[in-house]
Amino acid sequence: EAGVAQSPRYKIIEKRQSVAFWCNPISGHATLYWYQQILGQGPKLLIQFQNNGVVDDSQLPKDRFSAERLKGVDSTLKIQPAKLEDSAVYLCASSLDKGRSPHEQYFGPGTRLTVT
Amino acid sequence: GNSVTQMEGPVTLSEEAFLTINCTYTATGYPSLFWYVQYPGEGLQLLLKATKADDKGSNKGFEATYRKETTSFHLEKGSVQVSDSAVYFCALRLNTGGFKTIFGAGTRLFVKA
C-alpha cells in the first residue's frame with residue numbers, strides 16, 4: 001500500500017511570509033497527526049485529527065498556525081506569518097484507529113522548512 | 001506530566017559491538033511503548049513496540065522489554081552493523097483520551113566499520 005505522502009519536501013521562506021504544507025494519509029486511516037521536529041529534538045505533536053474532527057490541538061500556536069482536514073482525508077497545515085523559530089521538519093503521520101484501540105502510526109518523509 | 005527521557009548521544013560504536021540505549025518514562029495509566037528509527041534522509045519508522053508490562057518487543061535484532069517497576073524500555077542489540085547508524089527515538093502512547101504519543105529527544109548512533 002502507498003505510504004503517507006507529503007509535499008513539498010523542502011521550503012525556504014522569509015520571516016513574516018506564509019507557507020502551507022500538504023499531507024495525504026494512508027487510505028482508510030482515521031487518525032492524522034501533524035508533528036513539529038526541531039533539529040536535535042523529538043517530534044512534538046501540533047494537532048491530531050480523528051476523521052475530520054480535532055482531537056488535540058493543545059500545542060498548536062493558534063495565533064499563527066492553522067490546520068484543516070477536508071472530508072476526513074487530506075490535510076493542510078499553514079503558518080502565517082512565519083517566524084525564525086518555526087524552522088523545523090514538519091511530519092505528518094496517520095493511523096488506522098478504528099474504535100478505541102490505538103494502532104501504529106505511519107510517518108511521511110516530512111517537509112523541511114527554513115525561515116530566514 | 002507525561003514524558004520520555006533517553007540517553008544523550010551521539011553514541012559511537014564499532015561494528016559487532018553491543019548496543020544499549022536507555023529510555024525511561026513518566027506517564028499516567030499504562031502506556032504503550034515504542035522505539036522508532038530515523039535513517040538519514042528518511043521519515044520515522046516503527047522499530048518495535050510493547051503494549052503491557054513485561055512484554056518484549058523485537059525486530060531486526062533489536063529488543064526492548066517493558067519494565068513497569070523501573071518505568072524503563074531500554075533498546076538493545078547484540079551486534080550492531082554500519083547500516084544501523086541512525087537516530088533512535090523512544091516514545092510512549094497514552095491509552096486513554098486521544099491516545100497522544102510523546103517522543104524522547106532521540107539518540108544518534110554512529111557505527112564504524
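Computed over heavy atoms, backbone and side chain alike; hydrogens, waters and symmetry mates excluded. Labels below follow one simple rule: chain letters A, B, ... track the order of the sequence lines, proteins then strands, and each chain is numbered from 1.
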Once the angle between the rings of A:Y35 and A:F107 is folded into 0 to 90°, is it parallel (under 30°), tilted (30 to 60°) or perpendicular (over 60°)? tilted

Could you tell me how the ring of B:W35 sits relative to the ring of B:F73: parallel (under 30°), tilted (30 to 60°) or perpendicular (over 60°)? parallel

Under 4.5 Å heavy-atom distance to chain B, tell me which part of [X] shows up: side chain, backbone, both or neither.
X	result
A:T31	neither
A:Q105	both
A:R112	neither
A:Q48	side chain

Minimum-distance pair of heavy atoms, taken over all atoms of A:E104 and A:S95: O-CB, 3.2 Å

Considering non-hydrogen atoms only, spot the tightest contact between A:G3 and A:I26 and give its length. C-CG1, 3.8 Å

Picking from A:G108, A:G42, A:G40, which has the most non-hydrogen pairs under 4.5 angstrom with chain B?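 Winner by heavy-atom pair count: A:G42.
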
Hey, is NZ on A:K44 packed in by over 12 heavy atoms from elsewhere, all under 6.0 Å?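 Count over threshold, so yes.
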
Chain A contact via B:F34 - side chain, backbone, both or neither, heavy atoms under 4.5 Å: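 Interface part for B:F34: neither.
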
Toward chain A, the part of B:Q38 with a non-hydrogen atom under 4.5 Å: side chain

Residues in ring pair (Phe, Tyr, Trp, His ring centres under 6.0 Å) contact with A:F65, at least two apart in sequence or another chain: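 Counting only residues at least two positions away or on another chain, A:F65 forms no ring pair (Phe, Tyr, Trp, His ring centres under 6.0 Å).
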
